[in-house]
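One structure is given here, and the rest of the page talks about it.
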Protein chains: 2
Amino acid sequence: MALDLRKQQVLEAIVECHIETAEPVSSRSIARKYNLGVSPATIRNEMADLEEIGLIRQPHTSAGRVPSQRGYRYYVDKLMKKTELTPREEKLIRAIFAKKVKVLADIIQCTLKAVTELTDYLVFLSGPYFENDVLKKIKIIQLMPGKALLVVMAETGWVHSKAIDLSSDITVDDLAYIELVLNHYFQGLTFKQITRTVLKDVYNELIKYRKTINHILEILEVVLQEEVKENLYLGGTNKILKQPEYSDVEEVRNLMNFIEREENLRMILQDADPYRVTVKIGEEIKSEQATKYSAVTAVYNAGGNIVGTLGLLGPMRMDYARAMTVVEHITRVLSEALSGEKVY
Amino acid sequence: MALDLRKQQVLEAIVECHIETAEPVSSRSIARKYNLGVSPATIRNEMADLEEIGLIRQPHTSAGRVPSQRGYRYYVDKLMKKTELTPREEKLIRAIFAKKVKVLADIIQCTLKAVTELTDYLVFLSGPYFENDVLKKIKIIQLMPGKALLVVMAETGWVHSKAIDLSSDITVDDLAYIELVLNHYFQGLTFKQITRTVLKDVYNELIKYRKTINHILEILEVVLQEEVKENLYLGGTNKILKQPEYSDVEEVRNLMNFIEREENLRMILQDADPYRVTVKIGEEIKSEQATKYSAVTAVYNAGGNIVGTLGLLGPMRMDYARAMTVVEHITRVLSEALSGEKVY
DNA sequence: CTTTAGCACTCATTTGATAGGAGTGCTAAT
DNA sequence: ATTAGCACTCCTATCAAATGAGTGCTAAAG
C-alpha cells in the first residue's frame with residue numbers, strides 16, 4: 001500500500017487534526033491549516049481515494065473524514081513524527097521521582113502520578129514481579145519464644161521477611177533443622193519453580209514438625225507469591241473523562257466495564273514488545289469491548305531483567321506520538337529507579 | 001419539630017419512594033403505593049405543610065416532591081427502619097473473606113470487593129494505622145557481610161522487618177551496640193512519638209557510626225511511617241455510575257474531582273463516631289463540592305484498638321438503611337479478620 | 001374541622017416541522 | 001491534473017405546539 005506523497009500528507013493532516021479536535025476533518029479545514037498548495041476540491045479527491053483504500057471513513061454523507069483503524073496504523077507506522085518532552089515536563093518527572101527513600105509501593109504511585117500528570121489517558125502497570133529470581137537462602141530467626149522471622153534472600157539481592165508465630169515448644173535447634181531442610185530443597189530454584197514444585201515434598205520430609213512446618217510453608221508461599229504475583233495498578237480514571245469521547249455516559253460505562261476486568265488490562269500488557277514501545281489500535285487489542293480503544297505499552301526492568309509493563313489506554317483518537325514518548329520516558333525513569341539505587 | 005403521625009408517614013413515603021426511583025414523588029403515587037387511607041388531595045395538603053417546614057421541596061411547580069437535606073436527616077434519625085442482609089449476602093461476604101492466608105493488602109482488597117458487591121456506592125477506607133502502637137524491641141540481625149535485617153517489634157505483636165545494606169566494615173558487635181542504643185532510646189515509645197521525637201538525638205549518640213546509622217535510621221523511619229501512615233483505599237468508581245444521578249457527565253466529573261482530592265475523603269473519615277455508624281448528609285460533609293452527596297462511615301478495629309474507618313459515598317438520595325447495614329456489617333467482619341487470626 | 005372531588009393552572013418534556021449549514025461528489029471549465 | 005461551482009445529503013439547532021404529570025385552590029361532603 002504505497003501512497004503518493006500528497007495522499008500521505010492528507011492522511012497525516014486528517015489524523016493529526018482529528019486527534020486534536022475529535023471532530024471529523026473536512027477538506028476545507030485541511031486546505032486552510034496545512035499548506036498543501038491545493039484546493040479543497042483536490043483534497044476531496046484524495047480523500048475519496050483514501051476512503052476507498054480503507055484508511056479513512058465518513059461518519060455520514062455530509063460529514064468530514066475520520067481515520068479508520070488502519071488509517072491510524074498507517075500513521076503510526078509511517079507518518080508520525082516523534083515528539084519530545086519539554087524541559088518543564090522532564091523536570092516535573094524528576095521531581096515526582098525524587099523521593100528520598102524508595103519503597104516499592106511508593107515508586108509505583110510515583111509512576112502513576114507522573115503519567116497522569118503528563119497525559120489524560122488511563123495508566124496501568126503490572127507491578128514488578130520476579131518469578132525468575134533465584135532463591136539464595138532461607139533463614140528462620142527466632143525473635144522470642146513463639147515468634148520467629150522467616151527471611152527469604154534472592155540472588156538479585158532482594159530480601160523478603162515476614163514474622164511467623166510458632167508453637168512455643170519449638171526449639172532453636174528445631175528451627176535450624178527446618179531451615180536446613182528448606183534450603184536443601186529450595187536453594188538455587190527460581191521462585192516460580194518453588195511455588196510449582198509441590199511444597200508438599202518438603203512437608204513430608206519434615207512431617208514430625210507437622211504443625212510448625214505447615215505454618216512456615218504457608219508463610220513462605222505468601223512471601224513467594226508476593227514476589228511472583230504480577231500486581232496490577234491503575235490510575236487516571238478521572239483524567240480520561242476529559243476526553244470528549246467520554247462526554248457520553250454510555251461510553252464511560254463501557255470503558256469502566258472494560259477496565260474493571262483485570263484480565264483485559266493484563267492481556268494488553270502481556271504481549272508488549274520487550275525492545276520497543278508497542279501500539280495496539282482498536283481491534284488489535286483482541287477484545288470485542290475494546291474496538292474503540294487504543295493502547296500504548298512498554299516494558300520496564302530492574303537490574304537488567306524485565307519485571308513489568310506500563311500501559312496507556314485511551315480512545316483510538318489517541319495522541320500516539322505523545323503517548324509513546326511518555327510511556328518510553330517513564331519506563332526508562334522507572335527502570336532507573338528500580339535498578340540504580342536499592343529499593344526496599 | 002414534632003410531626004404528627006401522618007406527616008411522618010408521608011415524609012417516609014416520599015423519602016423511600018425517591019430513594020427507589022430517583023424521581024420526584026407525587027401525591028398520587030403515595031396514595032397508590034402506601035395505604036394511608038387518605039386521598040391524594042389530603043396528602044397534597046400534608047406535603048404543602050412539610051414543604052413549609054423545609055423537609056421537602058419541589059424542583060418546579062408542576063413536579064412532585066423531593067426530600068431536602070433536612071428531610072433526609074429527619075428520616076435517618078426518626079423514621080428509617082433497620083434492614084438486614086439476606087443470608088445469601090452474608091454468605092457472599094464470608095466467601096470473599098474466606099481466604100486462607102491473610103495479608104493486610106489482601107484483606108483491604110476483600111473489603112473493597114465485598115462492599116462494591118453489596119452496594120453501588122463509592123467505598124473508601126483509611127488503612128489500618130498503628131500510631132499508638134508501642135515499640136517493644138528493635139533488632140538488627142546480620143544476614144551476610146554488608147546486609148542486615150532491621151526488625152521492629154510492637155507490643156501488639158506486629159512485627160515489621162526490612163533489609164538494610166551496610167558498609168562491609170561494620171561488625172556484628174557494632175550492630176549490637178547500635179541496636180542497644182536504639183532500644184534504649186525508643187523502647188516503650190509509641191510509633192508516633194518516635195517519628196516526632198527527633199531521630200537526631202540518636203544520631204548524635206551514634207555519631208561514630210555516622211554512615212551506617214544514617215542509613216538505619218532512614219529505614220527505621222520508613223518502617224515506622226508504614227505503620228503510622230493512614231493509607232487511603234478507594235473502590236467502586238464504576239459501580240457509582242449506575243446511580244441515575246450520574247447519567248450526566250458533568251455530575252460524574254464533579255464527583256471524580258471530589259474524590260480525587262484525598263483530603264476530602266480523609267475529612268469524611270476523620271470524624272466518624274467510634275461507637276456507631278455515622279451518617280453525613282449533604283452540607284453536613286463540610287465541603288462545598290459535596291453538598292449533593294452523603295456519606296456513611298464506621299470505624300473498624302484490630303485487637304480492640306480503632307485502626308481505621310470505612311466509608312461509603314453516594315448521592316444524597318442514598319439508601320441509608322442499606323448503606324448503614326452494609327458498613328456496619330463489613331466493619332465488623334473486617335475487625336474480626338484483623339483481630340481474630342494473626343494477619344501478616 | 002377534616003377530607004376530598006373537581007378543575008384550572010403551571011411547567012417540564014416530547015414531538016414535529018423547518019431552516020440552516022457544513023461538507024461532499026460530480027461536472028464542466030481551466 | 002486541478003478547481004470552481006453547484007446540487008445534494010444529512011446532521012443539528014430552533015421553535016411552536018401538544019402532551020401530560022402534578023399541584024393548589026375551592027367548594028362541597030362527611
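These values consider heavy atoms only, across backbone and side chains, with no hydrogens, waters or symmetry-generated copies. Labels below follow one simple rule: chain letters A, B, ... track the order of the sequence lines, proteins then strands, and each chain is numbered from 1.
- In this structure, the CE atom of M47(A) is 15 Å from the P atom of dC26(C), given to the nearest Å.
- Atom pair I56(B):CD1 and dG22(D):C1' shows a separation of 13 Å (rounding to whole Å applied).
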Query - Stepwise side chain to side chain donor-acceptor pair (under 3.5 Å) check, Y34(B) with E12(B) - result: CA-CA 10 Å; Y34(B) 301 77; E12(B) 188 180 345; over 6 Å; no

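- In this structure, N45(A) atom CG and dT27(C) atom P are separated by 12 Å, rounded to whole Å.
- A centroid separation of 6.0 Å or more is found between the aromatic rings of F124(A) and Y233(A).
- The separation between I14(B) atom CD1 and dT23(D) atom P is 9 Å, rounded to whole Å.
- One interatomic measurement links the two molecules: CD of E46(A) to P of dG25(C), which rounds to 13 Å at whole-angstrom precision.
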**Report entry** Trace of the side chain to side chain contact (heavy atoms under 4.5 Å, CB included) decision for I259(A) with T237(A)
**Finding:** CA-CA 10 Å; I259(A) 61 175; T237(A) 9; 3.8 Å; yes

Query raised in the report: Between K292(A) and E245(A), does a salt bridge (charged side-chain N to carboxylate O under 4.0 Å, His left out) hold up when you go through it step by step?
Result: CA-CA 10 Å; K292(A) 288 172 164 180; E245(A) 13 276 289; over 6 Å; no

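- Residues Y75(B) and Y320(B) place their aromatic rings such that the two centres sit no closer than 6.0 Å.
- Scanning residues 21-31 of chain B for heavy-atom distances under 4.0 Å to DNA chain C yields an empty list.
- In this structure, of dC11(C), dT3(C), dA22(C), it is dC11(C) that holds the atom nearest to the side chain of H60(B).
- Checking dA12(C), dA22(C), dT3(D) against the side-chain heavy atoms of S39(A) singles out dT3(D) as nearest.
- If you measure from atom CD1 of I43(B) to atom C1' of dG24(D), you get 15 Å, rounded to the nearest angstrom.
- Here the closest non-hydrogen pair linking Q243(B) and Y121(B) is NE2-CE2, 3.3 Å.
- Of the side-chain N and O atoms in R44(A), none sit less than 4.0 angstrom from OP1 or OP2 of dG5(D).
- Heavy-atom minimum distance, V326(A) versus T119(A): CG2-CG2, 3.8 Å.
- In this structure, of dG24(D), dA21(D), dT9(D), it is dG24(D) that holds the atom nearest to the side chain of Q58(B).
- Closest to the side chain of R65(A), from the set dT4(C), dG25(C), dT3(D), is dG25(C).
- Within the 4.0 Å cut-off from OP1 or OP2 of dT23(D), not a single side-chain nitrogen or oxygen of T61(B) is found.
- Closest to the side chain of A41(B), out of dT4(C), dT3(D), dC11(D), is dT4(C).
- R32(A) has its CZ atom 12 Å from the C1' atom of dG23(C), to the nearest Å.
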